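Just below is one structure, and these are the notes that go with it.
Chain A is the first sequence line, chain B the second, and so forth, proteins listed ahead of strands; every chain is numbered from 1. Just so it is clear, the model here is predicted, and its values are computed rather than measured.
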2 protein chains.
Amino acid sequence: MDKRKAILEAAVELIGEKGYTHTSMQQIADSVGISKGSLYSFFPSKEDLIISIYEHYQQLVFERAFVVGLDGNLPPYERFAKQFQVQFEGILEYKSYMKMQMRGETAQSSEKLEKMGHRMRGRLFSWLERNLIELYGEEISPYKWDLMWMTQSVYTSYTGLMISSESELDPKELGRHLVRQIDILANDFLAGESKPLLDDEMMRPFSVGMDREGAFTSFEKREKAWKAVYKQIHTLDQEHYFLEVTNRISEESRKSKPDELVIRGLFHLLKEEEKLKAEAITLEEQLLS
Amino acid sequence: MDKRKAILEAAVELIGEKGYTHTSMQQIADSVGISKGSLYSFFPSKEDLIISIYEHYQQLVFERAFVVGLDGNLPPYERFAKQFQVQFEGILEYKSYMKMQMRGETAQSSEKLEKMGHRMRGRLFSWLERNLIELYGEEISPYKWDLMWMTQSVYTSYTGLMISSESELDPKELGRHLVRQIDILANDFLAGESKPLLDDEMMRPFSVGMDREGAFTSFEKREKAWKAVYKQIHTLDQEHYFLEVTNRISEESRKSKPDELVIRGLFHLLKEEEKLKAEAITLEEQLLS
DNA sequence: AGGTAAAATGACTAATGAGTCAAGAAGATT
DNA sequence: AATCTTCTTGACTCATTAGTCATTTTACCT
């Protein structure tokens with residue numbers, strides 16, 4: 001029984017329901033069935049707890065969605081729709097986390113969370129951009145921000161609708177629907193009927209490292225290395241065990257002060273499996289550089 | 001110097017910046033330059049204060065937007081765009097209120113605020129619906145929720161963009177842009193190219209009194225009476241004075257326990273002006289029924 | 001100027017909740 | 001069984017803040 005995970009789940013549930021400030025550490029402890037002191041042995045502070053929640057769940061939600069990007073025998077348009085579908089399915093699965101995230105209320109606007117949010121938005125936009133360029137070519141470029149902004153707003157509000165409404169929307173239909181709307185507007189832009197409203201200049205806060213080579217590119221490489229490892233793991237017998245090890249690595253590496261020794265140790269566990277060695281080494285290099 | 005208003009403004013500023021829970025009554029009092037005790041003589045509780053803020057500003061923002069609906073010599077399409085424009089202008093003007101509203105964090109989910117939010121959404125949707133039907137006729141009806149939902153999400157997210165970004169978006173362009181996007185999607189729906197995804201059933205939480213005659217209809221009538229008064233006032237010399245009286249009536253009538261005597265007294269002030277008498281009486285009947 | 005009513009003040013109370021830590025329970029080791 | 005180690009507990013401290021109210025200041029009137 002993973003107590004840490006149990007705490008995260010209980011906390012997400014409570015905070016999603018009543019908000020961060022109106023959920024006390026005592027309530028969370030009670031809900032898990034442990035004492036407050038014990039809770040504090042897992043998370044040194046309330047802020048630390050909520051940050052861990054974000055780290056934990058963002059990883060889960062994103063992993064789901066981006067795997068589809070790899071299954072590369074779908075035509076672009078369908079793949080785009082499928083990716084939304086998978087994302088919406090993830091939202092349904094992690095409803096309480098999403099509820100919490102949408103409330104958006106946290107501790108005194110933590111530096112760290114802000115960075116995380118920024119990184120998330122950046123990821124979303126960069127993913128959208130890639131898809132738009134792939135679908136419509138470079139000609140869409142002048143209109144990309146308008147399309148991306150529109151997409152992001154509608155996506156977000158459908159998310160809100162899904163987690164609040166009783167009558168469940170079908171993720172598949174929703175994905176198609178969204179892509180269809182994007183398509184209509186994109187074609188209108190390409191036909192030169194509408195002028196763009198948003199440009200690079202004013203959207204700078206949302207473009208993460210598309211200008212600065214370093215940050216985002218290295219992130220991309222790391223992302224690839226992660227994916228390689230996960231993909232390889234799925235082919236193995238001891239899938240579950242290696243997944244757990246890898247998730248633990250991921251968790252540790254996202255901490256503010258990751259313990260290098262822990263990470264190195266965990267990687268040794270992965271490297272024991274011959275079929276995983278190459279991917280593990282690549283990822284380890286990426287993480288410890 | 002209206003101290004009550006000064007408090008509302010200071011509070012909006014602080015709460016917009018740091019959130020409801022992280023803004024103390026002491027800070028608000030300090031910011032206005034009065035004592036806490038004095039603050040409590042205006043607002044009996046913190047919750048009461050935030051409710052008053054919503055009541056005060058919603059009125060201001062909405063008033064601006066709906067006036068355009070009356071200037072009826074614009075063609076429907078342009079009027080629709082103009083209404084968005086005016087609304088965006090309002091957002092720019094009441095930036096800190098909007099910031100506060102977008103944070104959405106309030107006291108332990110007050111019954112009253114929830115009702116208010118619901119009413120607001122209802123108003124927005126009913127306004128959108130009217131415009132869509134006017135522009136595209138009854139045939140748009142099966143697609144109205146999809147269009148309205150899309151519009152509402154994009155509208156909301158542009159609002160967020162306006163209040164956060166430094167580079168100011170032009171409300172006029174933004175209004176046109178939004179209406180243009182609606183138009184493209186509406187035409188696509190009408191051409192039978194896309195199927196609707198949302199229907200009355202699942203959108204019931206958002207349809208305020210479109211089914212139940214009473215509530216909304218009577219609200220509409222009252223709305224008309226208000227507009228008639230405001231319109232008449234604009235033709236008068238002492239515009240400013242009568243506006244102030246009317247705003248005061250509006251404020252009082254939105255209180256949880258409106259003082260009927262105060263309202264009756266204020267109406268006497270309006271009825272002194274012969275040209276305003278008829279409209280004032282109609283409104284008074286609406287309010288005191 | 002003197003007196004009275006109204007308004008403003010800020011020290012005080014009470015509640016809440018984050019974070020600590022000494023003491024005790026459970027488990028491991030010899 | 002005795003001892004040591006690790007985990008768990010919940011009573012306690014301390015800071016914050018909503019809301020109160022006796023006292024003081026201001027404004028107004030005669």
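- For the atom pair A:F242 CZ and A:D237 CG, the distance stands at 9.5 Å (nearest 0.5 Å).
- Between A:W226 and A:Q286, the closest side-chain pair of non-hydrogen atoms is not below 4.5 Å.
- At the heavy-atom level, A:S45 lies under 4.0 Å from the strands shown only through sugar-phosphate atoms.
- Within 6.0 Å of atom NZ in B:K95, more than 12 heavy atoms from other residues, nucleotides or ligands are found, so the atom counts as buried in its surroundings.
- When heavy atoms are screened at a 4.0 angstrom cut-off, A:T21 is found touching no nucleic acid atom at all.
- Between B:K271 and B:E284, some side-chain heavy-atom pair lies under the 4.5 Å cut-off.
- At a threshold of 4.5 Å between non-hydrogen side-chain atoms, the residues A:I7 and A:L49 count as touching.
- First and last contacting nucleotides of DNA chain D toward chain A (any atom under 4.0 angstrom from a heavy atom, 5' to 3' order): D:dT8 to D:dG10.
- Side chain of A:K46 to main chain of A:Y20: a donor-acceptor pair is present (N/O by atom type, distance under 3.5 Å, no hydrogens or angles).
- In this structure, the separation between CE on B:M98 and CZ on B:F88 is 10.5 Å, given to the nearest 0.5 Å.
- Defining each end axis of the helix from C:dA1-D:dT30 to C:dT30-D:dA1 as the rotation carrying four pairs' C1' atoms onto the next four, with five pairs an end, the two axes are found to diverge by 10° to 10 degrees.
- A distance of 10.5 Å separates CD in A:E9 from CD1 in A:I53, rounded to the nearest 0.5 Å.
- Remark: the backbone N or O of A:E17 is paired with a side-chain donor or acceptor of A:R103 at under 3.5 angstrom.
- Between A:I91 and A:Y158, every side-chain heavy-atom pair lies at or beyond the 4.5 Å cut-off.
- Taking atom CG of B:L39 as the reference point, atom P of C:dA7 lies 16 Å away to the nearest angstrom.
- Listed in residue order, the members of residues 26-36 of chain B having a heavy atom less than 4.0 Å from DNA chain C are B:I34, B:S35.
- In this structure, NZ of B:K46 is placed 15 Å from P of C:dT16, rounded to the nearest angstrom.
- What separates CG of A:L14 from C1' of C:dG17 is a distance of 15 Å, to the nearest Å.
- Look at CZ on A:F42: it is 17 Å from C1' on C:dG19, rounded to the nearest Å.
- Base engagement by B:S38 is indicated by at least one non-hydrogen atom pair under 4.0 Å involving a base atom.
- To the nearest angstrom, C1' of C:dA6 lies 12 Å from NZ of B:K3.
- In A:K99, the NZ atom is not crowded: 12 or fewer heavy atoms of neighbouring residues, nucleotides or ligands sit closer than 6.0 Å.
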